[in-house]
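Worksheet for the structure shown next.
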Amino acid sequence: MRKIVIAIDGHSSTGKSTVAKRLAKALEYVYVDTGAMYRAVTLYALEHGCISDSSDDLETLIKSLDDIRLRFEYNPETLQSEIHLNGENVEHKIRTLEVSRYVSKIAAIPEVRKKLVEQQQEMGKEKGVVMDGRDIGTVVFPNAELKFFMTASAKKRADRRFKELLERGEQVTYEEVLKNVQERDMLDSSRTVSPLVKAEDAIPFDNTSMGHEEQFRIIHQKSLEVIND
Ligand code: DC
C-alpha cells in the first residue's frame, strides 16, 4: 500500500486520537500522538518546579530542553504505543486535569515547539504515518497528502472528557472540565506561534452528533481513496 502522511488536527477532546489510532492500525501505519509530547514536557515542567499556580520559571525549562528525552514505545499489554519521558512510561501521568491545565502555556513556548516539531518531522519522514495534533497540516507537514480538521461543540467535548476522567478515577466536576476545554480552545487558537487554525486544504469534520463507527468509516474510506489515487 502506498505510504502517505495523514494529518488529523482540531480542537481538544474531539476524539482525534481515537480515530487516528484506529486508522493507523487499519492501514498498518505508525500513529503519533503529538499532544502526548506537549503533555510530557508539561509534566517535566511541573515535576521540576518550572510551572505552578503562583510562579513560572520558563527560562529554566527552556535551558533544560536538551535534558528532556521523549520516546514512543509499543506496550504489548495495552497494544498501544505509549510515551516515555526520560525512560519512564508517563502515558497515565500526562492525562490528568492538572497537566491539561498547564499544557497550553507550555505549548505556546516557541523553543518547545521548535524541538517537538523537529522530532515529529523526523518520525514522519518515511511517511506511512497518522499524526494528530493542532499544527500538523499547517506547520509539521504542510505537504501532507491528506488532512482532516476535527471539531465538535464545546459541551459535547466536555461531556466526553468528563466521562474519561471519571473512568480514570479523577475527582473533577463537569464545570471544571468545560472551563478547561473552553480555556484551551482560546489559548490554542490565539497563541502567536503555530495557532490552531484549519489548513486551507484540510477536510473539515464536525463530529458533534457522530459516533466512533461512523467517523472511522468516513475517514478510512477517504484515506483509501487518496492512497489508491
Ligand atoms: O491533543 P491533546 O489535548 O492531548 O493536546 C494537549 C495540548 O497540547 C493542547 O492543549 C494543545 C497542545 N498541542 C499543540 O499545541 N500542538 C500539537 N501538535 C498538539 C498538541
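Because only heavy atoms are used, hydrogens play no part in the values below, and waters and symmetry mates are left out as well, while side chains stay in. When a residue number appears, it is its place in the shown sequence, counting from 1. When a ligand or atom number is given, it counts from 1 through the structure's own listing order.
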Quiz item: Are His212 and Phe216 close enough that their ring centres sit under 6.0 Å apart?
Solution: no
Quiz prompt | Taking atom 1 (O) of ligand 1 as the reference point, the nearest protein heavy atom with its distance | solution = Arg134 NH1, 3.0 Å
Quiz item: Honestly curious: do Ile203 and Met131 fall in one hydrophobic cluster under the side-chain, below-4.5 Å linking rule?
Solution: no
Practice problem: Under 4.0 Å from a heavy atom of Asp135: give me the atoms of ligand 1 that qualify, with their elements. | Solution: 16 (N), 17 (C), 18 (N)
Quiz item: Do the side-chain N and O atoms of Asp53 and Tyr102 include a donor-acceptor pair separated by under 3.5 angstrom?
Solution: yes
Self-check item: Met37, portion touching ligand 1 at heavy-atom distance under 4.0 Å
Solution: neither
Quiz item: So which protein heavy atom does atom 19 (C) of ligand 1 come closest to, and at what separation?
Solution: Thr34 OG1, 3.3 Å
Quiz item: Using 4.0 Å as the upper bound for N to carboxylate O, is an ion pair formed by Glu98 and Arg101?
Solution: no
Practice problem: Would you check if there is a donor-acceptor pair between the side chains of Gln80 and Asn75 at a distance under 3.5 Å? | Solution: no
Quiz prompt | Residue list, ring pair (Phe, Tyr, Trp, His ring centres under 6.0 Å) with Phe72, at least two apart or on another chain | solution = none
Self-check item: Carboxylate-amine/guanidinium contact Glu176 Lys179, below 4.0 Å
Solution: no
Quiz item: Considering only the protein, which heavy-atom contact is closest to atom 4 (O) of ligand 1, and what is its distance?
Solution: Arg39 NE, 2.7 Å
Self-check item: Contact atoms of ligand 1, heavy-atom distance to Ser104 under 4.0 Å
Solution: 10 (O)
Practice problem: Check whether any heavy atom of Arg113 sits under 4.0 Å from an atom of ligand 1. | Solution: yes
Quiz item: For Asp56, which residues count as a salt bridge (charged side-chain N to carboxylate O under 4.0 Å, His left out) partner, sequence neighbours excluded?
Solution: Lys105
Quiz item: Just distances here: any N/O of Arg191 and N/O of ligand 1 closer than 3.5 Å?
Solution: yes
Quiz item: Do any N/O atoms on Ser12 end up under 3.5 angstrom from N/O atoms on ligand 1?
Solution: no
Quiz item: For ligand 1, which atoms have a heavy atom of Asp188 less than 4.0 angstrom away?
Solution: 9 (C), 10 (O), 11 (C)
Quiz prompt | Distance filter under 4.0 Å to Ala107 heavy atoms, resulting ligand 1 atoms | solution = 12 (C), 15 (O)
